[in-house]
Amino acid sequence: MSEKLGIIGYDYVEFYVGSAKMWAYWHAKALGLQFTGYSGPETGVKDRVSYYMTLNNVRIVVTSAVKPSTYEVTSFVERHGDGVKRWALRVPDVQKVFEKALSNGAIPIRYPKKFENELGYIEEAAIKLYDDAEIVFINRDNFKGVFKPGFAIPHQKLEIDCQNTGLMEIDHIVGNVRTNEMNLWANYINSSLNFETFIEFGEGDISTKYSALLSKVVRSREGAPVKNPINEPYEGLKKSQIEEYIDEYQGSGIQHVAVTTENIIETIKAMRANGVEFLSTPPDTYYQMLREKGWGIKENIDDLKKYGILCDIEGKGYLLQLFTKPVGDRPTFFYEIIQRCEGAEGFGQGNFQALFESIERDQILRGNFDKE
Ligand code: FE2
(Lines give C-alpha, C1' and ligand atoms only; values in the text may rest on other atoms or scores of the structure.)
Protein backbone atom coordinates (compact mmCIF):
# COMPACT_ATOMS: atom_id res chain seq x y z
CA MET A 1 0.00 0.00 0.00
CA SER A 2 1.77 3.14 -1.12
CA GLU A 3 -0.64 5.95 -0.31
CA LYS A 4 -0.81 6.84 3.38
CA LEU A 5 -4.07 6.46 5.34
CA GLY A 6 -3.16 9.34 7.62
CA ILE A 7 -4.35 7.67 10.84
CA ILE A 8 -3.89 10.23 13.60
CA GLY A 9 -4.32 8.07 16.70
CA TYR A 10 -6.87 6.51 19.01
CA ASP A 11 -10.03 8.55 19.41
CA TYR A 12 -12.30 6.66 21.83
CA VAL A 13 -13.07 3.25 23.29
CA GLU A 14 -16.71 2.23 23.76
CA PHE A 15 -17.95 -0.41 26.18
CA TYR A 16 -21.31 -2.18 26.07
CA VAL A 17 -22.32 -2.88 29.64
CA GLY A 18 -25.23 -3.92 31.82
CA SER A 19 -25.52 -0.57 33.57
CA ALA A 20 -23.84 2.43 31.93
CA LYS A 21 -24.52 4.67 34.91
CA MET A 22 -22.63 2.35 37.25
CA TRP A 23 -19.73 1.97 34.82
CA ALA A 24 -19.61 5.74 34.43
CA TYR A 25 -19.50 6.16 38.21
CA TRP A 26 -16.64 3.67 38.43
CA HIS A 27 -14.66 5.47 35.72
CA ALA A 28 -15.25 8.79 37.47
CA LYS A 29 -14.37 7.57 40.95
CA ALA A 30 -11.60 5.07 40.17
CA LEU A 31 -9.88 6.65 37.15
CA GLY A 32 -10.80 10.27 37.78
CA LEU A 33 -12.53 10.68 34.41
CA GLN A 34 -14.93 13.57 33.95
CA PHE A 35 -18.56 13.34 32.82
CA THR A 36 -18.18 15.25 29.56
CA GLY A 37 -21.21 14.06 27.63
CA TYR A 38 -24.46 12.17 27.94
CA SER A 39 -26.76 10.64 25.37
CA GLY A 40 -30.14 9.03 26.05
CA PRO A 41 -33.90 9.57 25.94
CA GLU A 42 -33.40 13.16 27.21
CA THR A 43 -31.22 13.98 24.17
CA GLY A 44 -33.50 12.23 21.68
CA VAL A 45 -31.82 8.80 21.70
CA LYS A 46 -34.61 6.48 22.80
CA ASP A 47 -33.10 3.01 22.93
CA ARG A 48 -29.80 3.42 24.78
CA VAL A 49 -27.92 5.50 27.32
CA SER A 50 -24.26 6.51 26.87
CA TYR A 51 -21.87 8.44 29.08
CA TYR A 52 -18.85 10.09 27.44
CA MET A 53 -16.03 10.25 29.96
CA THR A 54 -12.74 12.09 29.39
CA LEU A 55 -9.45 13.07 30.98
CA ASN A 56 -6.67 14.68 28.94
CA ASN A 57 -6.63 12.51 25.77
CA VAL A 58 -8.43 9.55 27.32
CA ARG A 59 -11.94 9.21 25.85
CA ILE A 60 -14.22 6.43 27.07
CA VAL A 61 -17.87 5.80 26.21
CA VAL A 62 -20.03 3.41 28.27
CA THR A 63 -23.34 2.37 26.74
CA SER A 64 -26.33 0.34 27.96
CA ALA A 65 -29.61 -0.63 26.36
CA VAL A 66 -32.72 0.86 27.95
CA LYS A 67 -35.09 -1.39 26.02
CA PRO A 68 -34.90 -5.16 25.48
CA SER A 69 -35.34 -4.50 21.76
CA THR A 70 -31.90 -2.80 21.62
CA TYR A 71 -30.66 -6.16 20.46
CA GLU A 72 -27.21 -5.00 19.36
CA VAL A 73 -26.38 -4.03 22.96
CA THR A 74 -28.41 -6.61 24.91
CA SER A 75 -27.14 -9.57 22.87
CA PHE A 76 -23.53 -8.41 23.31
CA VAL A 77 -23.87 -8.07 27.08
CA GLU A 78 -25.78 -11.34 27.41
CA ARG A 79 -23.00 -13.24 25.66
CA HIS A 80 -19.82 -11.42 26.71
CA GLY A 81 -20.74 -9.59 29.89
CA ASP A 82 -19.45 -6.02 30.14
CA GLY A 83 -16.78 -5.48 27.50
CA VAL A 84 -15.23 -3.34 24.79
CA LYS A 85 -17.48 -3.17 21.73
CA ARG A 86 -15.30 -0.87 19.62
CA TRP A 87 -12.21 1.28 19.50
CA ALA A 88 -11.98 4.24 17.19
CA LEU A 89 -9.17 5.67 15.11
CA ARG A 90 -9.19 9.35 14.26
CA VAL A 91 -8.63 9.77 10.53
CA PRO A 92 -8.73 12.77 8.18
CA ASP A 93 -10.83 11.04 5.48
CA VAL A 94 -13.22 8.31 6.67
CA GLN A 95 -14.34 7.35 3.14
CA LYS A 96 -10.78 6.93 1.89
CA VAL A 97 -9.54 4.91 4.89
CA PHE A 98 -12.63 2.67 4.82
CA GLU A 99 -12.34 2.00 1.08
CA LYS A 100 -8.62 1.25 1.36
CA ALA A 101 -9.26 -1.07 4.30
CA LEU A 102 -11.97 -2.93 2.37
CA SER A 103 -9.86 -3.27 -0.74
CA ASN A 104 -7.17 -4.84 1.48
CA GLY A 105 -9.49 -7.41 3.03
CA ALA A 106 -11.28 -5.64 5.88
CA ILE A 107 -14.82 -6.90 6.64
CA PRO A 108 -17.35 -4.03 6.60
CA ILE A 109 -19.68 -3.48 9.55
CA ARG A 110 -20.93 0.05 8.87
CA TYR A 111 -20.37 1.99 5.65
CA PRO A 112 -19.26 5.64 5.94
CA LYS A 113 -22.06 7.83 7.20
CA LYS A 114 -22.51 11.46 8.24
CA PHE A 115 -24.30 12.24 11.49
CA GLU A 116 -25.33 15.86 11.81
CA ASN A 117 -27.24 18.42 13.79
CA GLU A 118 -27.19 22.22 14.10
CA LEU A 119 -23.64 22.09 15.55
CA GLY A 120 -22.09 20.40 12.53
CA TYR A 121 -21.40 16.81 11.55
CA ILE A 122 -19.15 13.83 12.19
CA GLU A 123 -18.31 10.99 9.80
CA GLU A 124 -17.92 7.40 10.92
CA ALA A 125 -17.47 3.90 9.47
CA ALA A 126 -16.57 0.56 11.03
CA ILE A 127 -14.89 -2.73 10.16
CA LYS A 128 -15.07 -6.04 11.99
CA LEU A 129 -12.58 -7.09 14.66
CA TYR A 130 -12.43 -10.45 16.49
CA ASP A 131 -15.76 -12.18 17.22
CA ASP A 132 -17.96 -9.24 18.04
CA ALA A 133 -15.89 -6.03 18.14
CA GLU A 134 -15.24 -3.20 15.70
CA ILE A 135 -12.53 -0.80 14.61
CA VAL A 136 -14.16 2.55 13.91
CA PHE A 137 -12.82 5.28 11.62
CA ILE A 138 -13.99 8.70 12.74
CA ASN A 139 -13.57 12.36 11.84
CA ARG A 140 -15.04 14.82 14.35
CA ASP A 141 -13.29 17.93 12.99
CA ASN A 142 -16.51 19.51 11.72
CA PHE A 143 -18.55 19.13 14.89
CA LYS A 144 -18.65 21.87 17.51
CA GLY A 145 -20.89 20.08 20.02
CA VAL A 146 -20.12 17.48 22.68
CA PHE A 147 -18.52 14.35 21.17
CA LYS A 148 -21.16 13.41 18.53
CA PRO A 149 -24.66 14.43 17.49
CA GLY A 150 -27.03 12.91 20.07
CA PHE A 151 -24.74 13.86 22.97
CA ALA A 152 -25.10 16.88 25.25
CA ILE A 153 -23.54 18.19 28.43
CA PRO A 154 -24.84 15.85 31.17
CA HIS A 155 -28.02 17.16 32.77
CA GLN A 156 -27.39 15.07 35.87
CA LYS A 157 -25.56 16.61 38.77
CA LEU A 158 -22.53 14.33 38.80
CA GLU A 159 -19.81 15.45 41.15
CA ILE A 160 -17.62 12.70 42.48
CA ASP A 161 -14.82 13.31 44.91
CA CYS A 162 -11.62 11.49 43.94
CA GLN A 163 -7.85 11.84 43.71
CA ASN A 164 -6.48 13.20 40.43
CA THR A 165 -4.97 10.27 38.52
CA GLY A 166 -3.17 12.24 35.78
CA LEU A 167 -4.04 9.65 33.10
CA MET A 168 -2.98 11.02 29.71
CA GLU A 169 -3.86 8.87 26.68
CA ILE A 170 -4.43 5.36 25.37
CA ASP A 171 -1.14 3.61 24.70
CA HIS A 172 -2.24 0.24 23.35
CA ILE A 173 -5.29 -2.03 23.12
CA VAL A 174 -4.88 -5.80 23.46
CA GLY A 175 -6.97 -8.62 22.01
CA ASN A 176 -7.28 -12.24 23.18
CA VAL A 177 -8.06 -14.78 20.48
CA ARG A 178 -8.33 -18.56 20.16
CA THR A 179 -5.60 -21.00 19.22
CA ASN A 180 -4.51 -20.40 15.59
CA GLU A 181 -6.36 -17.06 15.37
CA MET A 182 -3.42 -14.77 16.26
CA ASN A 183 -1.83 -14.83 12.81
CA LEU A 184 -5.21 -14.48 11.14
CA TRP A 185 -6.03 -11.27 13.06
CA ALA A 186 -2.49 -9.86 12.89
CA ASN A 187 -2.53 -10.29 9.11
CA TYR A 188 -6.04 -8.83 8.92
CA ILE A 189 -5.12 -5.69 10.87
CA ASN A 190 -1.78 -5.31 9.10
CA SER A 191 -3.29 -5.43 5.62
CA SER A 192 -6.45 -3.46 6.45
CA LEU A 193 -4.74 -0.57 8.25
CA ASN A 194 -1.24 -0.51 6.73
CA PHE A 195 0.19 -1.88 10.00
CA GLU A 196 3.18 -4.17 10.57
CA THR A 197 4.12 -6.80 13.14
CA PHE A 198 6.90 -5.30 15.22
CA ILE A 199 7.23 -7.62 18.20
CA GLU A 200 6.63 -11.35 18.27
CA PHE A 201 6.64 -13.61 21.32
CA GLY A 202 6.83 -17.26 20.32
CA GLU A 203 6.94 -20.61 22.04
CA GLY A 204 8.76 -20.34 25.39
CA ASP A 205 8.97 -16.52 25.41
CA ILE A 206 5.97 -15.98 27.66
CA SER A 207 5.33 -18.78 30.09
CA THR A 208 5.22 -19.74 33.72
CA LYS A 209 5.79 -23.20 35.09
CA TYR A 210 2.16 -24.02 34.28
CA SER A 211 0.78 -21.98 31.42
CA ALA A 212 1.81 -20.13 28.30
CA LEU A 213 0.73 -17.85 25.49
CA LEU A 214 1.86 -16.53 22.13
CA SER A 215 1.68 -12.86 21.23
CA LYS A 216 2.21 -10.56 18.25
CA VAL A 217 2.19 -6.78 18.42
CA VAL A 218 1.05 -4.84 15.37
CA ARG A 219 1.48 -1.11 14.89
CA SER A 220 0.95 1.59 12.29
CA ARG A 221 3.60 1.72 9.56
CA GLU A 222 2.95 5.43 9.27
CA GLY A 223 4.16 6.22 12.77
CA ALA A 224 0.69 6.83 14.24
CA PRO A 225 0.68 6.15 18.00
CA VAL A 226 -1.44 3.01 17.66
CA LYS A 227 -0.25 -0.40 18.86
CA ASN A 228 -2.23 -3.61 19.23
CA PRO A 229 -0.88 -6.78 20.84
CA ILE A 230 -2.83 -9.97 20.01
CA ASN A 231 -2.54 -13.00 22.33
CA GLU A 232 -3.45 -16.63 21.83
CA PRO A 233 -3.16 -19.53 24.29
CA TYR A 234 -0.27 -21.95 24.11
CA GLU A 235 -0.01 -25.50 25.44
CA GLY A 236 0.81 -25.77 29.15
CA LEU A 237 0.18 -28.03 32.11
CA LYS A 238 -2.72 -25.85 33.27
CA LYS A 239 -5.27 -23.62 31.61
CA SER A 240 -3.74 -20.49 30.04
CA GLN A 241 -5.14 -17.14 31.20
CA ILE A 242 -6.04 -16.53 27.54
CA GLU A 243 -8.17 -19.70 27.56
CA GLU A 244 -9.85 -18.51 30.74
CA TYR A 245 -10.68 -15.21 29.01
CA ILE A 246 -12.08 -16.97 25.92
CA ASP A 247 -14.22 -19.26 28.13
CA GLU A 248 -15.55 -16.46 30.33
CA TYR A 249 -16.02 -13.90 27.54
CA GLN A 250 -17.58 -16.56 25.33
CA GLY A 251 -15.26 -15.75 22.48
CA SER A 252 -12.41 -13.53 21.32
CA GLY A 253 -12.29 -9.87 22.28
CA ILE A 254 -10.46 -7.02 23.94
CA GLN A 255 -8.49 -8.01 27.04
CA HIS A 256 -7.05 -4.71 28.20
CA VAL A 257 -6.57 -1.06 27.40
CA ALA A 258 -3.28 0.53 28.51
CA VAL A 259 -3.38 4.18 29.53
CA THR A 260 -0.30 6.35 29.96
CA THR A 261 0.74 8.59 32.81
CA GLU A 262 3.74 10.89 33.20
CA ASN A 263 4.09 10.02 36.90
CA ILE A 264 3.05 6.46 37.64
CA ILE A 265 3.83 6.68 41.35
CA GLU A 266 1.36 9.54 41.81
CA THR A 267 -1.17 7.84 39.49
CA ILE A 268 -1.13 4.49 41.32
CA LYS A 269 -1.17 6.25 44.70
CA ALA A 270 -4.29 8.17 43.60
CA MET A 271 -5.99 5.12 42.05
CA ARG A 272 -5.36 3.03 45.17
CA ALA A 273 -6.85 5.87 47.25
CA ASN A 274 -9.83 5.85 44.85
CA GLY A 275 -10.36 2.17 45.64
CA VAL A 276 -8.92 0.47 42.55
CA GLU A 277 -7.74 -3.12 43.03
CA PHE A 278 -4.50 -4.08 41.31
CA LEU A 279 -2.86 -7.43 40.69
CA SER A 280 -0.95 -8.55 43.74
CA THR A 281 2.37 -6.94 44.55
CA PRO A 282 5.54 -8.82 43.57
CA PRO A 283 7.77 -10.21 46.37
CA ASP A 284 10.54 -8.14 48.02
CA THR A 285 13.11 -10.02 45.97
CA TYR A 286 11.70 -8.37 42.82
CA TYR A 287 12.56 -4.90 44.13
CA GLN A 288 15.88 -6.13 45.52
CA MET A 289 16.72 -7.22 41.96
CA LEU A 290 15.73 -3.77 40.63
CA ARG A 291 18.05 -2.14 43.14
CA GLU A 292 20.93 -4.41 42.18
CA LYS A 293 20.46 -4.00 38.45
CA GLY A 294 20.07 -0.22 38.63
CA TRP A 295 19.00 0.19 35.00
CA GLY A 296 19.20 3.96 35.44
CA ILE A 297 15.73 4.02 37.04
CA LYS A 298 15.09 7.59 38.17
CA GLU A 299 12.12 6.73 40.40
CA ASN A 300 12.62 5.86 44.05
CA ILE A 301 12.56 2.03 44.29
CA ASP A 302 10.96 2.25 47.75
CA ASP A 303 8.04 4.12 46.17
CA LEU A 304 7.75 1.54 43.38
CA LYS A 305 7.69 -1.19 46.03
CA LYS A 306 5.19 0.68 48.22
CA TYR A 307 2.68 0.89 45.38
CA GLY A 308 3.53 -2.48 43.81
CA ILE A 309 4.65 -0.99 40.47
CA LEU A 310 6.49 -3.23 37.99
CA CYS A 311 9.54 -2.14 36.00
CA ASP A 312 11.11 -3.54 32.83
CA ILE A 313 14.24 -2.56 30.96
CA GLU A 314 14.10 -1.90 27.24
CA GLY A 315 16.64 -1.40 24.50
CA LYS A 316 16.24 2.35 24.64
CA GLY A 317 14.80 2.96 28.08
CA TYR A 318 12.61 1.41 30.73
CA LEU A 319 8.93 1.15 31.40
CA LEU A 320 6.89 1.17 34.58
CA GLN A 321 3.52 -0.55 34.60
CA LEU A 322 0.76 -2.05 36.69
CA PHE A 323 -2.43 -3.95 35.90
CA THR A 324 -5.80 -3.63 37.61
CA LYS A 325 -7.88 -6.63 38.53
CA PRO A 326 -10.77 -7.28 36.11
CA VAL A 327 -13.13 -4.31 36.16
CA GLY A 328 -16.44 -6.13 35.72
CA ASP A 329 -17.96 -9.30 37.14
CA ARG A 330 -16.29 -11.73 34.76
CA PRO A 331 -12.47 -12.20 34.73
CA THR A 332 -12.17 -10.56 31.32
CA PHE A 333 -11.43 -6.86 30.77
CA PHE A 334 -8.88 -4.90 32.85
CA TYR A 335 -6.84 -1.70 32.59
CA GLU A 336 -3.07 -1.30 32.46
CA ILE A 337 -1.34 1.87 33.65
CA ILE A 338 1.97 2.51 31.90
CA GLN A 339 4.76 5.08 31.98
CA ARG A 340 7.31 4.87 29.18
CA CYS A 341 10.69 6.31 30.20
CA GLU A 342 13.61 7.32 27.95
CA GLY A 343 11.77 6.18 24.81
CA ALA A 344 10.91 2.61 25.85
CA GLU A 345 8.76 0.97 23.16
CA GLY A 346 8.03 -2.52 24.52
CA PHE A 347 5.35 -4.13 26.64
CA GLY A 348 7.18 -5.34 29.75
CA GLN A 349 8.18 -8.86 28.70
CA GLY A 350 10.42 -9.02 31.78
CA ASN A 351 7.30 -8.59 33.92
CA PHE A 352 5.22 -11.25 32.23
CA GLN A 353 6.37 -13.97 34.58
CA ALA A 354 5.49 -11.92 37.72
CA LEU A 355 2.25 -10.78 36.09
CA PHE A 356 1.09 -14.20 34.97
CA GLU A 357 1.91 -15.88 38.24
CA SER A 358 -0.23 -13.22 39.90
CA ILE A 359 -3.10 -13.89 37.46
CA GLU A 360 -2.68 -17.64 38.03
CA ARG A 361 -3.21 -17.14 41.76
CA ASP A 362 -6.52 -15.44 40.96
CA GLN A 363 -7.40 -18.16 38.42
CA ILE A 364 -6.94 -20.78 41.16
CA LEU A 365 -9.33 -18.81 43.41
CA ARG A 366 -11.88 -18.77 40.60
CA GLY A 367 -11.45 -22.51 40.03
CA ASN A 368 -10.39 -21.84 36.43
CA PHE A 369 -6.81 -23.11 36.49
CA ASP A 370 -7.25 -26.86 36.02
CA LYS A 371 -8.11 -28.08 32.56
CA GLU A 372 -11.48 -29.72 32.23
FE1 FE2 B 1 -0.37 -4.15 27.83
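Because the structure is a prediction, the values reported are computed rather than measured. As the structure lists them, so they are numbered: ligands from 1, and atoms in each ligand from 1. Side chains included, hydrogens not; waters and symmetry mates left out as well; all remaining heavy atoms used.
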### Same apolar cluster: Ile189 and Val97, side chain cutoff 4.5 Å
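Yes; Val97 is reachable from Ile189 via cluster members.
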### Query
Mind checking whether Phe201 and Phe347 have ring centres under 6.0 Å apart?
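Aromatic pair excluded; centres sit 6.0 Å or further apart.
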### Query
When you check the space around the Fe ion (ligand 1), which protein N, O or S atoms turn up under 2.8 Å?
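Under 2.8 Å from the Fe ion (ligand 1) - ignoring waters, which are not counted - the protein N, O or S atoms are His172 NE2, His256 NE2, Glu336 OE1.
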### Query
Have Gln363 and Gln241 got a donor and an acceptor in their side chains that come within less than 3.5 Å?
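There is no such pair (donor and acceptor under 3.5 Å, judged by atom type) between the side chains of Gln363 and Gln241.
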### Task
Decide whether Asn194 and Lys4 meet the rule of one side-chain donor and one side-chain acceptor closer than 3.5 Å.
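There is no such pair (donor and acceptor under 3.5 Å, judged by atom type) between the side chains of Asn194 and Lys4.
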### Task
Working to the nearest 0.5 Å, report the span between CG of Leu193 and CD1 of Ile135.
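Here the interatomic distance stands at 5.0 Å.
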### Query
Hey, what do you get for CG (Asp132) to CD (Glu72), rounding to the nearest 0.5 Å?
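So the gap between those two atoms works out to 9.0 Å.
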